[in-house]
Amino acid sequence: MEKWILIDKMDQVKEVSEKLLQAKVMAVDTETTGLNPHISKLRLIQIAVEGSATVIFDCFKLLPEAVKEISDILTSPAIKIFQNAKFDLKFLRSENIQVSGWIFDTMLAAKLLKTSGGPQSVGLASLVSFYLNQTLSKEQQKSDFSSKLTMEQLNYAAKDAEILLDLRLRLLDEIKKNQLIEVARLEFACVYAIASMEYDGIYLDKKKWLILSEETQQMKEKALSQLYPFIGYPTVQLGLFGNHKAYGSNVNSNKQVLKMLNENGISVKNTSKQSLSHFVQHPIVVSLMKYRYASKALSSFLHTIPNQININTGRLHPQYSQIGAWSGRMSCGRPNIQQIPRGKAFRQCFATLPGRKLVIADYSQIELRVIAQISGDQRMIVAYNNGDDLHKLTASLVLQKKTSLITKKERQAAKAVNFGLVFGMGAAGLQAYAEETYGVKMSSSEAVLFKERFFMAYKGVETWHKELQKNKPGISRTLAGRKHTYNRESGLSIRYNTPVQGTAADILKNALGMLYVKLKDSNTSIVAVVHDEIVLECDQAEAQETSLLLRKTMEEAGARYLKDVPVVAEASIADSWAGK
DNA sequence: TCAGTTCGCGCG
DNA sequence: AAAGCGCGCGAACTGA
C-alpha cells in the first residue's frame, strides 16, 4: 500500500472520494501559504482514513473546480479529526469548502486533559511525543508552500494527518477515563462557531475611532502638562534622530512616580489606582489618573487597533483561544475585544455598515444563578424562581429591612456583598471592594456583620463553601463535567470561583454550538463573544427575528445545566455595540 | 542587547 | 491570619 497519493486532476478526485465517503472516521489537515485565511492561500488538504493511502489534494490545481466534491467528503457523517480545527476550518471556508458533522479536535481534547495530568504543551509534535511516544518533525511548520512542492513536504503533510487517527484513540481513552465526554462534545461543537466568528470579524468605524484618538491624545497632553511642576518641565534635547523632549522624570515609570508622590506628601506603597483612590482630592493624583487613563486608552486600544484591520476585509478579526483560561473561559487577543472599555465613545465605534444591525444579548446574573444551582441554596433558588431581585433580597437580609425600603445605594452595596462573599472575600476585602467598585462606604465592623448575616441568610452557600474547604487538595467539576484540580496551596477563593466561572463558560459555549447550527445558512454572523455576552450582525429586516432566536437559544443552552434556576438572557438591537 | 518578569489596568 | 477570580497587553524593569 502506498503511504499517500497526490491528487491534482479532477477525474482522480472522483476516484478517491468513493473510498473516503465510506469512512466512519477521517483525519483532516491542511497546509497553507501562511497563517491568515484572508491573506494566505490553501495549498493542500490531506485526508487520512484507516486502511488506505492518505489522500493529498493539491488545491492550487483543483480549486475551485473540486469544491463540490471535497465538500461532499467533508460533510459526510464521518467524524473528522483535526489538530486545532479552527485554523483549517477558516482556510476551507476561504475556498467555500463546506465542513459539517462531529469534529474531534485533538488540541482541545488535550487542553481539557491538562488538569488531569495531560501534556502541558498542546502542539501536534508535543502530543505525538506525549501520547504515542513518537517524534514528529517540526520542519513542516517552517516550510514554504507558496512555491513548488517537494517530496519531503508531501511526506510530512501526509504524516500530520495520519498520526491524528492514532492520536484520537489515545485521547479518547483519556477523555473517557477522566469523564470528560460531555464537556469534550461541548467544546467540539463550539469550534465551528468560533472559526466562523473569527473569519467574519467585526466592523470598526475607523473615522470615529480616529476622532476619539485625537481627543484622547489631547487629554493626555493636558494631563501631562499639569504634572510638569512635579515631574519637571520638558527640555529639548539633541538626539541621534533629531530633537526630542526630555522630562525630569518619566511619568510612565512607576518607580519614579512613586518617589514623586511620596515627596509630595502622598504616602502610598505603590502607584496603583487602588492606592491612589485614598488621595483623589489631591491635584497630582487627579492629573496622574487622567494621564493614566488616556495613556492606557491610547497605547492599548486607540493606536494599535486600527493597524489590526484586515486589508482585504476591512474588518477586525480578533483571535479567540477557545480554552484560553484555566477556568474554561475563552480568551481573546489581536485585538482583545473582551477588554474594550465600556464607555460609549469606544463601543459606538464597533458598528455595522448600512442595512445591517447588531443584536446584542447577555445573560442576566449568570454567575449568581450558577451559584444558586451548584450550592443548592433554597432561598436563592426560590428567589430566582419568583423573579425576585437577588441584590435587593441580600440587602434586606443583611440590613434586616423590608425589601420595599431598600434604597438604590443599599442595593449597590448588596451587589458587592453578593459577588465578594460567594467568592471568598474577607470582611476587609469586602469593605475595600464595596468602596472601590460601587462607591459604597462601610465600616469594618459593618463589613464583618454583613458577612455573618449573609451566610446566616444563605445557608446553602455556607455548606457549599464548607464542602469545598474539606476537599483538599481535591478536584472540582463544572456542571458540564469540566475538571479542575487543585494543589495543597490553592486558596479557597479559587476553589469557590473556578466551578462557577467554568459553568458559566460551559453555558455560553453550549449556546454558541447551538447558535451556529441555527445560523448556518443565514446571512447572520457571530461577531463577538465576551464571557456572558454574544453579539450578532444581521440584515436589518431580520433583526427582530434574530434577537428572539438569540435570546431563546441562550436561555435554552443555560437551562440544560441549571435545572432548578431559570436562566434569563436579554437582547437588544442596535447600530453599534454601545446599544440603542 | 534581548528575552523574561512585573506592574498597572481594561473587561467579565 | 487573611484572602475575590479569570484573562491580554503595553511599558518599564531585570538579569545574564
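So you know, we letter chains A, B, ... as the sequences are listed, proteins then strands, and number each from 1.
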- Message: Between Q322(A) and D105(A), is there a side-chain heavy-atom distance shorter than 4.5 Å?
- Response: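 When only atoms from C-beta onward are counted, Q322(A) and D105(A) do not touch, as no gap falls below 4.5 Å.
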Report which part of the nucleic acid [X] touches: base, sugar-phosphate, or nothing (heavy-atom distance under 4.0 Å, all strands).
X       : answer
R495(A) : nothing
G429(A) : sugar-phosphate
S295(A) : nothing
A428(A) : sugar-phosphate
I337(A) : nothing

- Message: Any N or O donor-acceptor pair under 3.5 Å from the base of dG8(B) to the side chain of R292(A)?
- Response: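 No.
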- Message: Can you tell me whether the side chain of Q501(A) and the base of dC5(C) have a donor-acceptor pair closer than 3.5 Å?
- Response: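 Donor-acceptor pair under 3.5 Å: yes.
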Could you go over nucleotides 8-10 of chain C and give all protein N or O partners under 3.5 Å, atom names and distances?
unit_1, atom_1, unit_2, atom_2, d
dG8(C), OP1, S331(A), OG, 3.0
dG8(C), O4', N336(A), ND2, 3.0
dG8(C), N2, K296(A), NZ, 3.4
dG8(C), N2, Q339(A), NE2, 3.0
dC9(C), OP1, R334(A), N, 2.9

- Item | Side-chain N or O of R329(A) closer than 4.0 Å to phosphate OP1/OP2 of dC5(C) |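 Answer no for this pair, as no side-chain N or O of R329(A) is under 4.0 Å from OP1 or OP2.
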- Below 4.0 angstrom from OP1 or OP2 of dG6(C), is there any side-chain N or O of N497(A)?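 Answer no for this pair, as no side-chain N or O of N497(A) is under 4.0 Å from OP1 or OP2.
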Ignoring hydrogens, what is the shortest heavy-atom contact between [X] and [Y]? Give both atom names and the distance.
X       : Y       : result
S121(A) : S126(A) : OG-OG, 3.0 Å
H317(A) : E198(A) : ND1-O, 2.8 Å
G491(A) : I494(A) : O-CG2, 2.9 Å

Does atom [atom1] of [X] have more than 12 heavy-atom neighbours from other groups under 6.0 Å away?
X       : atom1 : answer
F455(A) : CZ    : yes
Q469(A) : CD    : yes
K290(A) : NZ    : no

Measure [atom1]/[X] against [atom2]/[N] and give the value in whole Å, please.
X       : N       : atom1 : atom2 : value
I360(A) : dG12(B) : CD1   : P     : 12 Å
Q319(A) : dC7(C)  : CD    : C1'   : 16 Å
L368(A) : dG12(B) : CG    : P     : 16 Å
K344(A) : dG10(B) : NZ    : C1'   : 21 Å
Q338(A) : dC9(B)  : CD    : P     : 21 Å
I534(A) : dG12(B) : CD1   : P     : 15 Å
Y320(A) : dC11(B) : OH    : C1'   : 12 Å
L298(A) : dG10(B) : CG    : P     : 13 Å

- Task: Determine whether the aromatic ring centres of F454(A) and Y458(A) lie less than 6.0 Å apart.
- Result: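 Distance test on ring centres: under 6.0 Å, yes.
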- Message: Tell me if the aromatic rings of Y203(A) and W209(A) count as close, with their centers under 6.0 Å from one another.
- Response: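 No, the ring of Y203(A) stays outside the 6.0 Å limit from the ring of W209(A), centre to centre.
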- Could you tell me which nucleotide pairs with dA12(C) by Watson-Crick or G-U wobble geometry, both distances under 3.5 Å, or answer none if nothing does?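 Pairing partner: dT5(B).
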- Select one nucleotide: of dG10(B), dC5(C), dG4(C), the one nearest the side-chain heavy atoms of P341(A).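 In terms of side-chain proximity for P341(A), the closest of dG10(B), dC5(C), dG4(C) is dG10(B).
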- Could you work out which one of dG10(B), dG12(B), dC5(C) sits closest to the side chain of K273(A)?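 Of dG10(B), dG12(B), dC5(C), dG10(B) is nearest to the side chain of K273(A).
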- Answer yes when E462(A) and K459(A) have at least one side-chain N-carboxylate O distance shorter than 4.0 Å, and no when they do not.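 Salt bridge flag = yes for K459(A) with E462(A).
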Show each protein N/O and nucleotides 13-16 of chain C N/O combination with a separation under 3.5 Å, one pair to a line.
unit_1, atom_1, unit_2, atom_2, d
dC13(C), OP1, S253(A), OG, 2.4

